[in-house]
Student: 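Below: one structure in structure tokens.
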Amino acid sequence: MLAQDKSSLQRTPLHGLHVARGGKMVPFAGYEMPVQFPAGVLKEHLHTRSAAGLFDVSHMGQLALRPKSGKVEDAALALERLVPQDIVAVAPGRQRYAQFTNEDGGILDDLMVANFGDHLFLVVNAACKAEDEAHLRAHLSDTCIIDSLADRGLIALQGPKAEQALAKLGADVSAMRFMDTGPRQVAGLDCFVSRSGYTGEDGFEISVPAAQAEALVTMLLENPEVLPIGLGARDSLRLEAGLCLYGHDLDTTTTPVEGALEWSVQKSRRTGGARAGGFPGADKVLSQFEKGASRRRVGLRAEGRAPVREGALLFADAASSEAVGKVTSGGFGPSLNAPVAMGYLPTSLSANGTLVFAEVRGQRLPLQVAAMPFVPNTYKR
């Protein structure tokens, strides 16, 4: 990394802690972030699956959507002008996965939307957060005050021992279920805690004032069951869980239906629903719900040991010269001790068990379309 490039990168409130703990720092989404710690990606991955991993996700965007009327329903209705999800039905203390769409039904970003009772709390992707905030201001300023919560850090504590680790700091989280969210005290600090994450494991995301983030993380890491985890294991964990990475598996040319995200669009927003359509690209997206899309995101399992990486072209057979699709995420799955990938194929080739071929270093490697998640999730329902 060139010196001038490094100096232009932003740093999270936990940068000093990462460096002190031997984090290997790399550029990511405009930030200097740890890709791994001395334990290494493999051990970090497996530790998260067996105990608890702590991730710095402070580079993500945090926003509050405050209704000028004082009624959170008005903020929910306003946000429904930009996303295909039912936001009105999100109860106080709950959150929902959503996508911003464009006029062609493509995905501008994916995000989490929480109902905090008198306002909505949004978490958006780091690389898109400036554009997302501008998008909200351009379209919702008539009904909502949009606050950027740039003075907050965000950490994720993931794995089967995450609840136990948080409880040791006095956090009342045992009654929380998957996608519950809201203000909670953690070690006497005023935090926002959601029971969710990006690994397929039970766990929590904790928004904390930036000035107190390092103190909170230091306390969590005093627990031997908790290890710091870098971007490398974060990527392999989410891939095993079949979770999309924006800018790779989802982008502005991909609709929610093509991205196999139909589950995230509630019936109330589909044709015949109480508030059908009304979001950008609704005609195309709703048409795909009824008639299907020409392509689809699928899981892929290699028959050999060689990982098939992002960008590899996919072919219907071992000899054809015309690619039918492309891998969008791929790597080795440590929990499976085998390579896993996801990508896009024509819908006619998207059934589980279908055999396709990836071109890797001039060779055609067989892949089988496989169900996701590759590793069963352990969310606390």
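Scope of the values below: all heavy atoms of this structure, side chains included, with no hydrogens, waters or symmetry mates.
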Student: Salt bridge between Arg195 and Glu205, side-chain N to carboxylate O under 4.0 Å?
Tutor: no
Student: Let's go through Arg238 and Asp249 carefully: what are the C-alpha distance in whole Å and the side-chain angles of both, what is the deciding distance for salt bridge (Lys or Arg N to Asp or Glu O under 4.0 Å) to 0.1 Å, and is it a yes or a no?
Tutor: CA-CA 12 Å; Arg238 69 94 192 167; Asp249 310 297; 2.9 Å; yes
Student: Do Tyr198 and Phe55 make the cut of ring centroids closer than 6.0 angstrom?
Tutor: no
Student: Decide, yes or no, whether a salt bridge links Glu258 with Arg297 under the criterion of side-chain N to carboxylate O below 4.0 Å.
Tutor: no
Student: Decide, yes or no, whether a salt bridge links Lys380 with Asp180 under the criterion of side-chain N to carboxylate O below 4.0 Å.
Tutor: no
Student: Check whether the ring centres of Phe357 and Phe315 lie less than 6.0 Å apart, and answer yes or no.
Tutor: no
Student: Using a strict 4.0 Å threshold on nitrogen-to-oxygen distance, state whether Arg137 and Glu133 make a salt bridge.
Tutor: yes
Student: According to a hydrophobic-cluster definition based on side-chain heavy atoms being under 4.5 Å apart (Ile, Leu, Val, Met, Phe, Trp, Tyr only), do Ile155 and Val226 belong together?
Tutor: yes
Student: Are the charged groups of Glu359 and Lys326 less than 4.0 angstrom apart, N to O?
Tutor: no
Student: Rounded to the nearest 0.5 Å, what's the gap from NE2 on His248 to CG on Leu250? Could you check?
Tutor: 10.5 Å
Student: Assess whether side chain to side chain donor-acceptor pair (under 3.5 Å) is satisfied between His45 and Glu240, documenting all intermediate values.
Tutor: CA-CA 11 Å; His45 177 114; Glu240 287 185 346; 2.9 Å; yes
Student: Ignoring hydrogens, what is the shortest heavy-atom contact between Arg301 and Ala370? Give both atom names and the distance.
Tutor: CG-CB, 3.5 Å
Student: With the threshold set at 4.0 Å, does a side-chain nitrogen-carboxylate oxygen contact exist between Asp147 and Arg66?
Tutor: yes
Student: Could you check whether Arg270 pairs with Asp86 (Lys NZ or Arg NE/NH1/NH2 to Asp/Glu carboxylate O, under 4.0 Å)?
Tutor: no
Student: Should we count CG of Asp283 as having more than 12 external heavy atoms under 6.0 Å?
Tutor: no
Student: Taking atom types as modelled, is there a side-chain donor on Ser207 or Arg152 under 3.5 Å from an acceptor on the other?
Tutor: yes
Student: Would you name the heavy atoms of Pro334 and Leu42 that are closest together and state the gap between them?
Tutor: CB-CD1, 3.4 Å
Student: Restricting to non-hydrogen atoms, name the atom on Ala75 and the atom on Cys144 that form the minimum distance, rounded to 0.1 Å.
Tutor: CA-SG, 3.8 Å
Student: Taking all atoms of both residues into account, what is the closest heavy-atom pair of Pro84 and Val265, and its distance?
Tutor: O-CG1, 3.4 Å
Student: Determine the minimum heavy-atom distance between Pro34 and Gly23, stating which atoms define it.
Tutor: CB-CA, 4.5 Å
